[in-house]
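Below is one structure, written out as structure tokens; the observations come after it.
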Number of protein chains: 2
Amino acid sequence: MTASSSRTRRSRTAATPTPAPEDVVLTGKATINDIARLTGVSKKTVSRVINHSPLVHPETREKVLALMKQLGYTPDPQARGLAFRRSFLIGLVYDNPTAQFIVNMQYGALDALRDSGYELVVHPCDSSKEDYIESVRRFAQQQKLHGVILIPRVSEDEQLASALREIGVRYVRIASIPLDQAASMVVTHDRLAGTEAANYLESLGHRTIGLITGPRRYRSTIERGGGFLGGLDERGISLSPDYIYEGGYTFDSGVAGAEYLLAKSPRPTAIFACNDEMAAGVYKAAMRRGLSIPGDLSVVGYDDSPLASQLWPALTTIHSPIRDLGRMAAQMLLTDEPSPDAGAQPRTVTPQLVVRDSSQRPKP
Amino acid sequence: MTASSSRTRRSRTAATPTPAPEDVVLTGKATINDIARLTGVSKKTVSRVINHSPLVHPETREKVLALMKQLGYTPDPQARGLAFRRSFLIGLVYDNPTAQFIVNMQYGALDALRDSGYELVVHPCDSSKEDYIESVRRFAQQQKLHGVILIPRVSEDEQLASALREIGVRYVRIASIPLDQAASMVVTHDRLAGTEAANYLESLGHRTIGLITGPRRYRSTIERGGGFLGGLDERGISLSPDYIYEGGYTFDSGVAGAEYLLAKSPRPTAIFACNDEMAAGVYKAAMRRGLSIPGDLSVVGYDDSPLASQLWPALTTIHSPIRDLGRMAAQMLLTDEPSPDAGAQPRTVTPQLVVRDSSQRPKP
DNA sequence: CTGAAAGCGCTTACAG
DNA sequence: CTGAAAGCGCTTACAG
């Protein structure tokens, strides 16, 4: 008797003697009924094994697990989902950051989901559109997502978070400050990293420094930029507002920012760009002007994307462990529903400075 | 009566008079039973409307559609999937190409899936591992995927394709030659594009030319490289084998390839790198040696990723419409099962040369 | 520790 | 053109 031929008698109860396991053919399509019948227990007991219930006799469990393994049985996620009233899908919602950022985040999340039975559904969106929250809500509700990972900038949107709360979909927000209860947050301490960049440039001897930030509406702009300015300030360097350029986290805005800053007098001897893409733009502007890096200009970036080591000279930057962040967020979603503990501290990651070849002491 | 309060009497038949629509509250959780009962038709008829069956009286259809819209009803994909024995998920399977490539492909696929009720599940894998085919098979079978998009290099793996055929999962393969029946292929005519690069460099007057290919195991290597060599050959230039370097489609291999080629005598006046990442590596090697681009060395890349316009000088390259490829592949999967037509031609896309600032006539 | 019944929200197979 | 019954493969609620 094969597992599949047995399906014609699915509705009978499991009173027949268990056939010798050798008779069973691996079809990869066994169901809970096959497992129940062939092991001589009820569907419910098989279900208990699937769901790791402790209320199963160890021997029974072993017998069931053995047959599952032999048949290559895995429960049907759709059937489980229908009964559970939720799916085994994790959504990744984001609004157009750089390709490398998205891909690393995906790899991280997938690291955590591997062999968990959960899958990752990607959902880019455009947060500048009026109805984007409604559209994410529909996505999450329709797919009955088990959880959602939100990355900047959508992670900073309070309305999106409350829309998800309303429909009872769990989420983890990755952001540069704690915005939510600890169980829903992964915090990257961008402020400290910004300060580290400031300390580093000051310690090299730089006094005239330019800053290219991200867009004002990103929290990371406030944190990275604020940390940087605060760090300089603590060391007695006050950076005049006209040495700050608001970029857009894009290559082109890095070029524009550097064009602006390098035209100033006195010309800055160092520029901190709040991501690597913009730092690459700074390289381009510097080359155009015939300025050498780091001889005439030190550059520090942020992210430590592959780009950073591909630039020439290799870029000094802040290493942001994006893949780890994705992994942590996904892990938190797989974890059992935590009791909201108001006193708990959110998981926090502090990016670290990586010194390469784009920075040195300024020329005397 | 609200849609949700009605759920307590789900098992009754729809004999009660239809309540005034104004009484109905939008909960976003209406079911097919609610729609059936409130419109006074059977579930089956509602199901026909959902599935665009022509066997529904137009008036009935209108009535049903109107209520669906009013209640914000969308069928539960899990329940549909369970009954259909397949899900509404499209898998994207790939083996570690560049971040930009993956992300563009995802955007393209999502373009086609938008508002279709289908979602995109990403599935990177490592094709160098022994059991990767088995693992993709499990993924596709377990999730009962509606279809799979395969991109190079996994798209070129005949064993993977037949594993998917065996379990009855549709797929579309994106590759640089027709490998399968037309309905399962999107072909990028890399060979022609390679030839175009050759013609271009020859027409500029280059005679000593270097080639950095992808890895031998990629079909695109044979096509791009072969097209390039063939194009040169037709114009009377035969490229000596020691001016060909087998790269790995990575930045570092581009650096290594250029180091190798630029050390040769006579030094090539132009290099064709088979993707932009490697072309960026060529830039680095050239800069290290103090060679100016395009003054001392013309460089042509392949892909036209954002990197190409970010390099300085901007890279002359072959524009590969990756997002379009993703969109086409996903569209083909959404289309009704086509009858295998042996005579049909696969959809073909020919990448085009984009001339920027990294190429010019060689110095006399 | 175990199980029979009912249900999750749909569709198929059949009948009319 | 329409519908009642049975089923997809699981779980919940209840009972023992």
Side-chain angles (χ1 to χ4, degrees), chain A residues 3-4 6-15 28-37 39-64 68 71 73-88 117 142-144, chain B residues 3-4 6-15 29-37 39-64 68 71 73-88 117 141-144:
Chain A
S4 72
S6 71
R7 310 176 89 201
T8 55
R9 35 217 271 330
R10 169 154 308 131
S11 49
R12 304 226 194 127
T13 44
K29 301 173 120 195
T31 72
I32 197 173
N33 291 291
D34 298 317
I35 305 292
R37 191 174 32 72
T39 51
V41 302
S42 71
K43 286 161 59 167
K44 179 57 204 170
T45 294
V46 178
S47 173
R48 285 196 180 91
V49 173
I50 292 171
N51 292 293
H52 305 104
S53 159
L55 303 176
V56 181
H57 192 88
E59 266 181 36
T60 311
R61 179 194 315 282
E62 285 318 311
K63 194 169 55 174
V64 169
M68 285 180 177
L71 294 188
Y73 168 79
T74 46
D76 181 327
Q78 307 210 68
R80 290 232 288 165
L82 184 58
F84 268 138
R85 289 158 191 78
R86 66 168 185 81
S87 73
F88 292 85
Q142 156 120 8
Q143 298 299 323
K144 301 210 213 79
Chain B
S4 72
S6 71
R7 311 175 91 203
T8 55
R9 30 215 276 332
R10 171 152 310 129
S11 48
R12 304 223 195 131
T13 44
K29 300 173 122 197
T31 73
I32 197 174
N33 291 292
D34 299 317
I35 304 292
R37 191 176 32 73
T39 51
V41 302
S42 72
K43 286 161 63 167
K44 179 56 204 171
T45 294
V46 178
S47 173
R48 286 196 181 91
V49 173
I50 292 170
N51 293 293
H52 306 104
S53 159
L55 303 176
V56 181
H57 192 88
E59 265 181 35
T60 312
R61 179 193 314 283
E62 285 318 309
K63 193 168 58 174
V64 169
M68 285 181 175
L71 295 187
Y73 168 80
T74 46
D76 181 327
Q78 307 210 69
R80 290 230 292 165
L82 184 58
F84 268 139
R85 289 157 192 79
R86 65 168 186 80
S87 73
F88 292 85
Q141 185 158 249
Q142 155 121 9
Q143 298 298 324
K144 301 211 213 80

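Keep in mind that the numbers below use all heavy atoms, side chains included, and drop hydrogens, waters and symmetry copies. Numbered from 1 within each chain, the chains take letters A, B, ... in sequence-line order. Computed from a predicted model, the values in this text were never measured in an experiment.
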Scan the side chains in residues 56-63 of chain A for donor-acceptor partners under 3.5 Å anywhere in the protein, sequence neighbours excluded, and list what turns up.
| unit_1 | atom_1 | unit_2 | atom_2 | d |
| --- | --- | --- | --- | --- |
| A:R61 | NH2 | A:S53 | O | 3.2 |
| A:K63 | NZ | A:T39 | O | 3.3 |

Taking only Watson-Crick and G-U wobble pairs with both distances under 3.5 Å, what dot-bracket line describes DNA chain C, where [ ] shows pairs that cross earlier ones and | shows pairs with another strand?
|||.||||||||.|||

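Within residues 50-60 of chain B, the residues having any heavy atom under 4.0 Å from DNA chain D are, by residue number, B:P54, B:L55, B:V56, B:H57, B:T60.
When distances are taken from the side chain of B:F84 to each of C:dG3, C:dT11, D:dC8, the shortest belongs to C:dT11. For A:S47, whose side chain is taken as the heavy atoms from C-beta onward, the closest listed nucleotide among C:dC8, C:dC10, D:dT11 is D:dT11. Comparing D:dC10, D:dT2, C:dC10 against the side chain of B:R80 picks out C:dC10 as the nearest. For B:A79, the side-chain atoms get nearest to C:dG9 when compared with the rest of C:dT12, D:dG9, C:dG9.
Atom CD in B:Q78 sits about 13 Å away from atom P in D:dC10, given to the nearest Å. The CG atom of B:L82 sits 12 Å away from the P atom of C:dT12 (whole-angstrom rounding). Going from atom NZ of B:K43 over to atom C1' of C:dC10 covers 7 Å, rounded to whole Å. Following rounding to the nearest Å, B:K63 (NZ) and D:dC1 (P) show an atom-to-atom distance of 15 Å. C:dA6 atom P lies 17 Å from atom CG of B:N33, rounded to whole Å. Atom P of nucleotide C:dC8 and atom NZ of B:K29 are separated by 13 Å, given to the nearest angstrom. What separates CG of A:D34 from C1' of D:dC10 is a distance of 13 Å, to the nearest Å.
In terms of the ring-ring contact (aromatic ring centres under 6.0 Å, His included) criterion, B:F84 has no residue partners (sequence neighbours excluded). Residues passing the side chain to side chain donor-acceptor pair (under 3.5 Å) test with B:T45 are B:S42, sequence neighbours excluded.
The salt bridge (charged side-chain N to carboxylate O under 4.0 Å, His left out) pairs that include a residue from residues 73-85 of chain A are A:D76-B:K144, where partners are two or more places apart or lie in different chains.
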Sort me out a list of protein N/O and nucleotides 13-16 of chain D N/O pairs below 3.5 Å, or just none if empty.
none

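Side-chain N/O atoms of B:S42 include one lying less than 4.0 angstrom from OP1 or OP2 on D:dG3. Taking 4.0 angstrom as the limit, B:T45 places none of its side-chain polar atoms (N or O) nearer than this to OP1 or OP2 of D:dT2.
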